[in-house]
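Notes follow the structure.
Each chain gets a letter, A, B and so on, in the order its sequence line appears, and its residues count up from 1.
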2 protein chains.
Amino acid sequence: MSISSRFAVAIHILALLDINKEGRNTSEFIAGSVNTNPVVIRRVIGLLGKAGLVHTSPGVGGASLARLPREINLLEVYRAVQNDPPGELFAAHDKPNPKCLVGRNIQETLDTVFKRAESAMENELAKVTLDQIVFDLVRGDQ
Amino acid sequence: MSISSRFAVAIHILALLDINKEGRNTSEFIAGSVNTNPVVIRRVIGLLGKAGLVHTSPGVGGASLARLPREINLLEVYRAVQNDPPGELFAAHDKPNPKCLVGRNIQETLDTVFKRAESAMENELAKVTLDQIVFDLVRGDQ
DNA sequence: ATCACCTGTAACCATTGTAGTTACAATTGT
DNA sequence: ACAATTGTAACTACAATGGTTACAGGTGAT
Ligand code: FES
Ligand code: FES
């Protein structure tokens with residue numbers, strides 16, 4: 001299955017926080033932009049907050065970036081909103097038969113390959129920073 | 001969420017077909033090795049068959065590789081058993097608000113980044129062939 | 001021809017992750 | 001006090017997954 005759209009939504013939110021940094025970005029306002037429910041936004045922002053990427057103001061309302069856009073890369077965002085722990089992009093089939101030559105060794109063999117593939121993907125995400133996203137976004141609008 | 005364990009199972013099956021190429025590899029025999037239900041195996045083998053990676057013998061029973069292990073790489077296996085079409089590893093959030101600067105352009109911007117990350121992962125899979133897997137498997141058993 | 005064995009596939013189930021929604025306590029500025 | 005907003009719990013609907021039973025149809029052996 002696909003990687004959760006929380007990731008896309010998270011990037012959307014962060015980009016919006018940067019672009020609209022003058023305004024007050026309440027979950028309802030953001031929800032209007034993303035076109036979803038405010039609670040969905042608050043959930044994602046909660047994850048981003050735990051990861052130290054955004055600050056929120058309970059009571060007063062609104063969220064803001066906790067770092068410069070240049071210092072936030074997509075791998076951090078990915079990790080923040082991803083439920084599965086790192087190294088488990090590919091599911092292993094559990095309890096292979098230890099009496100079987102393949103079963104005894106497949107896990108370790110696959111682990112190496114899977115980790116390599118996963119890292120390759122993550123490295124690409126790590127290369128991209130939020131300010132590049134925003135730049136691309138604004139440029140695309142002209 | 002993780003990528004389906006069908007991928008891991010498929011690799012397991014293919015490795016077994018190569019290693020046990022003398023014997024008759026029925027779905028029941030393979031299921032014993034993988035430690036799952038024969039129907040699960042037949043389902044995966046069905047997908048591998050459609051992709052031209054294995055041959056099966058209805059009636060008589062058993063499956064075998066349709067190509068040399070050296071000529072099967074893991075990307076082909078991945079594609080064979082993956083339900084989601086290529087280019088959709090990352091889910092986009094649909095219907096972003098076109099009245100919003102971010103919403104208008106986020107899809108295209110993300111698409112570029114996501115495709116790059118997905119390709120990086122797939123390139124790693126493409127580098128690995130079945131005979132490398134089998135080699136690693138057998139070596140690990142000693 | 002019958003028989004045992006196997007594949008291919010449909011049908012069903014339980015489990016899980018996801019996204020949307022309602023509801024509400026707690027927080028904060030006015 | 002009051003209005004607005006966050007953080008969270010609870011519930012729903014939905015889709016993918018993996019396991020399971022069942023069975024029609026193919027194939028070789030006797
Ligand atoms: S245990 Fe996975 S194939 Fe033998
Ligand atoms: S943030 Fe996704 S549409 Fe404005």
Tell me the interatomic distance from [X], atom [atom1], to [N], atom [atom2], rounded to whole angstroms.
| X | N | atom1 | atom2 | answer |
| --- | --- | --- | --- | --- |
| B/Arg24 | D/dG28 | CZ | P | 12 Å |
| B/Ile41 | D/dG19 | CD1 | P | 9 Å |
| A/His93 | D/dG18 | NE2 | P | 11 Å |
| A/Ile3 | D/dA16 | CD1 | C1' | 16 Å |
| A/Ile45 | D/dG7 | CD1 | P | 8 Å |
| B/Ile30 | D/dG19 | CD1 | P | 15 Å |
| B/Asp84 | D/dT17 | CG | C1' | 12 Å |
| A/Arg42 | D/dT8 | CZ | P | 11 Å |

Subject >> Residue closer to the 5' end of DNA chain D, A/Arg43 versus A/Thr56 (nearest nucleotide) >> reply: A/Thr56

Original post:
Do the side-chain N and O atoms of A/Asn97 and B/Asn35 include a donor-acceptor pair separated by under 3.5 angstrom?
Top reply: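 Looking only at side-chain atoms, B/Asn35 and A/Asn97 do not form any donor-acceptor pair under 3.5 Å.
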
Subject >> Pair A/Lys127 + A/Glu122: basic N to acidic O under 4.0 Å >> reply: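 No, A/Lys127 and A/Glu122 are not salt-bridged.
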
Subject >> Out of D/dA10, D/dT6, D/dT17, whichever nucleotide has its closest atom nearest the side chain of B/Ser4 >> reply: D/dT17

Original post:
Nearest of D/dT8, D/dG18, D/dT20 to any side-chain atom of B/Val39?
Top reply: D/dT20

Subject >> Phosphate-side-chain proximity, B/Asn83 and D/dT17, N/O vs OP1/OP2 below 4.0 Å >> reply: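 Checking D/dT17 against B/Asn83, a side-chain N or O does come within under 4.0 Å of OP1 or OP2.
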
Subject >> Crowding at CZ, A/Arg70 (>12 non-hydrogen neighbours, <6.0 Å) >> reply: no

Subject >> CD (B/Glu108) with more than 12 external heavy atoms under 6.0 Å >> reply: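 Not buried by this count: 12 neighbours or fewer within 6.0 Å.
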
Subject >> Close side-chain approach of A/Leu137 to B/Leu101, heavy-atom, < 4.5 Å >> reply: no

Original post:
Quantified as the angle between the terminal helix axes (five pairs each), what is the overall bend of the helix from C/dA1-D/dT30 to C/dT30-D/dA1 to 10 degrees?
Top reply: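 The end-segment axes of the helix from C/dA1-D/dT30 to C/dT30-D/dA1 are tilted 10° relative to each other.
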
Original post:
Under 3.5 Å, side chain of A/Arg42 to main-chain N/O of A/Glu28, donor-acceptor pair present?
Top reply: no

**OP:** Go through the steps to decide whether A/Asn83 and A/Arg6 satisfy the test side-chain contact (heavy atoms from CB on, under 4.5 Å), and finish with yes or no.
**Re:** CA-CA 10 Å; A/Asn83 264 352; A/Arg6 274 194 305 272; 3.9 Å; yes

Original post:
Reading DNA chain C 5' to 3', which nucleotide is the first, and which the last, to come under 4.0 Å of any heavy atom in chain B?
Top reply: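 Result: C/dC5 to C/dT18.
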
**OP:** Assign each of B/Gly61 and B/Ala91 to its nearest nucleotide of DNA chain C by heavy atoms, then name whichever residue's nucleotide is nearer the 5' end.
**Re:** B/Gly61

Subject >> Those residues that, when tested against A/Glu118, pass salt bridge (charged side-chain N to carboxylate O under 4.0 Å, His left out) (two or more places apart) >> reply: none

Original post:
Using 30° and 60° as the class limits, which term best fits the ring planes of A/His12 and B/His93: parallel, tilted or perpendicular?
Top reply: perpendicular

